[in-house]
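All ligand and atom numbering here is 1-based and tracks the order in the structure.
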Amino acid sequence: MPTEIKRSACPYDCPDTCGLIVEVENGKAVKVSGDPEHPFTRGTLCPKMNHYERTVHSPLRLTQPLLRTGLRGSGQFQPISWQEAIQRIAARWKEVISKYGAESILPYSYAGTMGLVQRNSGHPFFYRLGASRLDRTICAPAKEAGWKAVMGNTAAPHPDEVAFSDLVILWGINAVATNIHFIHSVREAKKKGAAVWLIDTYETPTAAIVDRAFIVHPGSDGALALGLMNLLVRENLLDYEFLRTSVQGFEELKKEILPNYSLQKVISLTGIPGETLKFMARTFGKVGAPFIRVGAGLSRYGNGAMNVRSIVCLAALVGAHRKKGGGAFVGTFTAGAFPMAEILREDFMAGETRIVNMNQLGNALNHLDKPPIQSLYVYHSNPASITPDQNAVIKGLAREDLFTVVHERFMTDTARYADIVLPSTSSLEHSDLYRAYGSYCIQWARPAIPPIGQSKSNWEVFSLLAAAMGFPEPFFHQRAEDLIQYVLSLPNNLRKGIDEEDFAAGKAVELIIPAEAKTQFKTPSGKIEILNPAEPHPLPCYLPPHGGKESFRLMTAPSVFALNSSFRERADLRQKEKAMLLKMNPADAQAKGLKDGEGVVAFNELGEVSFILQVTPKVPSGVVVAEGVWWLEHCPGSRAVNALTSQRLTDRGAGSTLYDNTVDVRREN
Ligand SMILES: Nc1nc2c(c(=O)[nH]1)N[C@H]1C(S)=C(S)[C@@H](COP(=O)(O)OP(=O)(O)OC[C@H]3O[C@@H](n4cnc5c(=O)[nH]c(N)nc54)[C@H](O)[C@@H]3O)O[C@H]1N2
Ligand SMILES: Nc1nc2c(c(=O)[nH]1)N[C@H]1C(S)=C(S)[C@@H](COP(=O)(O)OP(=O)(O)OC[C@H]3O[C@@H](n4cnc5c(=O)[nH]c(N)nc54)[C@H](O)[C@@H]3O)O[C@H]1N2
Ligand code: SF4
Ligand SMILES: [Mo]
């Protein structure tokens with residue numbers, strides 16, 4: 001049989017949303033590479049996706065429905081038919097609903113697939129069921145809240161515009177791991193003479209590609225931005241014309257806030273020396289078009305939204321937005337490209353139901369009452385690994401009376417606790433619509449290969465469950481393809497002018513956003529709102545992070561070779577990380593008498609986690625770094641990093657505070 005070439009999209013939660021070229025032989029994906037015609041992918045993939053066929057055809061893929069036979073968490077199951085699995089779920093749900101009401105059922109899903117139809121296919125079903133709703137805020141709602149407080153719904157610049165910048169600031173983003181295709185245009189800028197800076201809490205792999213890396217105290221970026229603004233004022237490096245015509249509240253900021261951010265105060269809050277702060281402010285104020293790429297890292301703190309808000313204001317003081325190559329970029333807002341209401345179908349909800357914050361799953365499973373949660377349905381997420389306060393989550397999952405269903409590709413930490421496990425297709429096996437949040441690309445992917453084993457897509461499973469629960473609405477009884485066709489048949493402004501033929505053929509196409517959109521400020525005042533009267537703090541100011549009483553700040557940063565807990569099935573990728581490491585500064589290790597390569601335990605009031613110590617000057621004193629989220633079966637001990645992260649939330653957006661925790665460290669006995 002000849003090799004067939006199919007197009008697909010990367011389904012993972014990554015700003016790049018790459019286009020894939022899939023080579024198929026006998027219904028098997030034999031090679032996956034980057035689509036050379038994709039405007040952002042430009043023919044290359046990241047190390048994780050280079051061998052996506054190894055994930056898709058992994059011998060560890062779940063291929064049939066399973067019923068638990070052993071203790072919860074033991075991973076002992078027996079195969080059952082789809083019919084039996086669906087019948088058992090429906091029967092148990094009917095029983096639970098009659099005793100406790102439908103709000104005793106909680107869906108849990110997040111980012112296993114970012115395709116709009118498969119990702120959201122549980123929404124209509126659970127609205128119709130009357131289940132508790134999940135507030136899906138684990139990722140970066142504080143980043144969005146910080147941006148919106150200043151910029152409203154203003155469009156982000158095109159990411160490739162960065163090529164025209166003369167100062168690129170990668171602020172709280174480990175782009176080499178999480179936004180690798182953005183670096184292409186950063187390199188272009190560098191070739192033309194731009195300086196590239198990194199502002200992070202340690203020297204991440206991205207430090208290797210920048211001119212200067214500035215290391216700040218965790219959670220202090222808001223203070224840094226305010227301090228730089230104060231220096232810009234003092235050194236008269238402002239764009240007065242822009243401030244007058246396009247910014248609301250600069251005078252108030254200058255009078256009421258900035259004088260509180262003396263050099264001394266900012267040095268002590270951020271840990272950056274005074275001369276360095278002055279260098280940063282002068283450079284920033286004197287270049288023509290600074291481009292700030294804001295990552296999610298600094299938003300996952302008790303003061304996360306305010307950190308982002310202050311950084312976005314900083315760009316306004318020098319009029320960065322009005323210059324080609326200048327501005328602030330937190331992400332593209334491409335949601336309007338498809339009518340989401342037709343996919344989510346909130347109208348199926350008969351009345352307002354309870355909302356549970358996904359970061360607080362541990363509390364919800366263990367403490368919620370009226371009604372208590374009696375059943376958890378998990379799809380394309382791995383809460384036992386990725387949710388803060390792992391001990392609380394696992395304690396909840398271990399509850400004898402909790403009926404848990406997990407729809408998964410692999411036997412994850414969460415699936416081990418399920419009563420019923422359902423096998424899921426991978427993105428190469430189902431249809432979907434994709435939209436990027438780090439570029440303006442959209443794409444329509446059809447299946448490249450048939451489903452592996454008896455696996456079914458999220459959409460198909462909710463169709464079966466809807467039938468078993470007796471939902472008559474035709475919506476539930478169509479195919480995902482039918483919904484996609486319907487959604488695409490509706491008129492849409494944002495998709496106007498795209499190459500329809502390419503899009504229908506499965507190629508990625510770019511939404512057409514005029515270059516001037518970034519200066520058409522979509523805020524109530526029509527200006528950039530440094531002063532926003534609708535915010536609890538109308539002007540930006542420094543808010544302290546949550547922190548903790550232990551001596552080390554714990555960074556739980558992303559790994560280059562995994563994506564949250566995804567790709568952990570791949571031994572080839574795990575080996576590249578060598579082990580589950582805790583990185584520590586040499587002076588701290590010496591003070592504690594700890595040696596490189598030995599087993600250590602990081603602990604706080606929430607839990608204890610074993611790591612292998614890596615002593616490295618790339619981490620500053622007072623900080624320890626644990627990259628990546630590991631499956632328990634690969635951990636040196638019995639818990640992974642999220643046993644050390646808390647359920648506390650961000651200042652705005654009710655987001656996770658995954659970076660805002662402290663630990664102490666001791667030698668493993
Ligand atoms: N390889 C890989 N790619 C991924 C992921 C992954 O796990 N691995 N995850 C995906 C997901 S779900 C998301 S949301 C995106 C996230 O992607 P981004 O938004 O780019 O965020 P990260 O790269 O996670 O950035 C976290 C960085 O912030 C730093 N940081 C932490 N606290 C602070 C602080 O107080 N100040 C400053 N200046 N920096 C701080 C961390 O050290 C880390 O380098 O990446 C996606 N892509
Ligand atoms: N310590 C720490 N914790 C973190 C983070 C961190 O940086 N550090 N990052 C946080 C962030 S930003 C995020 S977004 C979350 C992400 O957390 P999750 O949304 O849980 O993402 P993953 O860990 O990638 O797990 C997704 C699961 O979905 C499965 N899956 C993939 N495709 C499908 C499908 O089509 N159907 C079904 N049913 N299953 C599918 C995959 O096999 C995988 O096990 O993690 C958060 N947790
Ligand atoms: S860079 Fe991101 S979007 Fe591209 S292949 Fe890798 S994970 Fe997927
Ligand atoms: Mo995320």
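The His407 neighbourhood of ligand 2 comprises atoms 37 (C), 38 (N), 39 (N), with distances under 4.0 Å to a heavy atom of that residue. Listed by number with element, the atoms of ligand 2 under 4.0 Å from a non-hydrogen atom of Asn458 are 34 (C), 36 (N), 37 (C), 38 (N). Counting atoms of ligand 2 from 1 in the listed order, those under 4.0 Å from a heavy atom of Asn642 are 1 (N), 2 (C), 3 (N). Less than 4.0 angstrom separates some heavy atom of Val641 from each of these atoms of ligand 2: 1 (N). Of all the atoms in ligand 2, the ones that sit under 4.0 Å from a non-hydrogen atom of Ser424 are 33 (C), 34 (C), 35 (O), 36 (N), 37 (C), 38 (N), 39 (N). With ligand atoms numbered from 1 in the order given, ligand 2 contributes 44 (O) to contacts under 4.0 Å with heavy atoms of Thr412.
A salt bridge (Lys or Arg N to Asp or Glu O under 4.0 Å) with Asp572 is found for one member of Lys576, Arg570, Arg568 and no other, namely Arg570.
Ring geometry for Trp631 against His634 counts as parallel: the plane angle stays under 30°, on a 0 to 90° scale with 60° as the upper cut.
Taking CD1 from Ile199 and CD1 from Ile272, the interatomic distance works out to 6.5 Å, rounded to the nearest 0.5 Å. With rounding to the nearest 0.5 angstrom, the CZ atom of Phe567 is 12.5 Å from the CZ atom of Phe561.
His51 is linked by a ring-ring contact (aromatic ring centres under 6.0 Å, His included) to nothing, counting only residues two or more places apart in sequence or in another chain.
Considering backbone and side-chain N/O of Glu408, one or more are found under 3.5 Å from N/O of ligand 2. By the 3.5 Å distance cut-off applied to N or O atoms, Ser381 is counted among the residues near ligand 2.
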Step-by-step side chain to side chain contact (heavy atoms under 4.5 Å, CB included) determination, Cys10 to Leu20: CA-CA 7 Å; Cys10 177; Leu20 310 179; 4.3 Å; yes

Steps toward side chain to side chain contact (heavy atoms under 4.5 Å, CB included) verdict (Leu632, Gln390): CA-CA 11 Å; Leu632 293 179; Gln390 185 176 40; 3.6 Å; yes

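One finds no salt bridge joining Glu203 and Lys583 here, because no Lys/Arg side-chain nitrogen approaches an Asp/Glu carboxylate oxygen to under 4.0 Å. For the pair Glu429 and Arg409, the salt-bridge criterion is not met [side-chain N within less than 4.0 Å of a carboxylate O]. A salt bridge does not link Asp432 with Arg446: every distance from a Lys NZ or Arg NE/NH1/NH2 to an Asp or Glu carboxylate oxygen is 4.0 Å or more.
With a 4.0 Å cut-off on non-hydrogen atoms, His430 touches ligand 2 through its side chain and not its backbone.
Among protein residues, Asp13, Lys48, Cys139, Trp171, Gly172, Ile173, Asn174, Ala177, Thr178, Ile199, Asp200, Thr201, Tyr202, Thr204, Val216, Pro218, Gly219, Asp221, Gly295, Ala296, Gly297, Leu298, Arg300, Tyr301, Met555, Pro558, Ser559, Val560, Ala562, Leu563, Asn564, Tyr659 come within 4.0 Å of ligand 1, judged on heavy atoms.
Heavy-atom distances between Leu422 and ligand 2 stay at or above 4.0 Å for every pair. Residue contact check for ligand 2: Thr645 places no non-hydrogen atom closer than 4.0 Å to it.
Side-chain contact of Glu577 with Ser559: a donor-acceptor pair under 3.5 Å is present, judged by distance alone.
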